Amino acid sequence: MKGKRIAYFEKAAEDCRYNAGHWLRYLRKEVSEHGSRFSSAEIKALMNSKVLSMFQKLAVKRAATKGSGTYTHLLSLNQRATTSMLDAVRTKMRQEKAE
């Protein structure tokens with residue numbers, strides 16, 4: 001019997017099959033500075049799932065690997081934008097509007 005979390009991720013995988021950014025937003029909720037919230041049994045079940053695409057399986061595996069590029073990217077998605085980042089975006093938008 002599948003657990004609720006496995007069913008949740010399989011449904012999410014179907015919903016965003018052709019949208020990598022959307023899939024990564026689902027995965028970012030499972031990653032923190034302290035590591036991945038995926039258990040080894042959940043990772044194994046998702047790797048064996050017929051619902052997930054190869055990309056989605058790879059993203060899950062890499063998201064669960066602390067220090068991987070995917071893990072680091074997901075951590076960056078969880079961080080708030082700094083004021084300097086927002087100021088840079090505002091300046092760029094003003095420049096484009098003036099042109």
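All values below were derived from every heavy atom in this structure, side-chain atoms included, with hydrogens, water molecules and symmetry-related copies excluded. Given the structure is predicted, the values throughout are model-derived calculations rather than measurements.
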Where is the tightest heavy-atom contact between [X] and [Y], given as atom of each residue plus distance?
{"X": "Y71", "Y": "S36", "result": "CE1-N, 4.4 Å"}
{"X": "R37", "Y": "R5", "result": "O-NH2, 3.5 Å"}
{"X": "L27", "Y": "A63", "result": "CD1-CB, 4.4 Å"}

Side chain to side chain, [X] and [Y], heavy atoms closer than 4.5 Å:
{"X": "V51", "Y": "R17", "result": "yes"}
{"X": "V31", "Y": "R28", "result": "no"}
{"X": "H22", "Y": "R25", "result": "yes"}
{"X": "E30", "Y": "F9", "result": "yes"}
{"X": "K57", "Y": "L46", "result": "no"}

Within this structure, what is the [atom1]-[atom2] distance for the pair [X] and [Y], rounded to the nearest 0.5 Å?
{"X": "M54", "Y": "M47", "atom1": "CE", "atom2": "CE", "value": "8.5 Å"}
{"X": "E10", "Y": "Q56", "atom1": "CD", "atom2": "CD", "value": "10.5 Å"}
{"X": "T72", "Y": "K66", "atom1": "OG1", "atom2": "NZ", "value": "10.5 Å"}

| said: Taking the cut-offs as 6.0 angstrom to the six-membered ring centre and 45 degrees off its axis, would you call K4 and Y8 a cation-pi pair? | reply: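 K4 over Y8 ring: no.
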Does the T65 side chain pair with the main chain of K61, one donor and one acceptor, at a distance under 3.5 Å?
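Yes, the answer is positive, given that a donor and an acceptor are paired below the 3.5 Å cut-off.
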Please answer whether the main-chain N or O of S32 pairs with a side-chain N or O of N78 as donor and acceptor at a distance below 3.5 Å.
no
Please walk me through it: do W23 and Y18 pass side-chain contact (heavy atoms from CB on, under 4.5 Å)?
CA-CA 9 Å; W23 178 242; Y18 301 105; over 6 Å; no
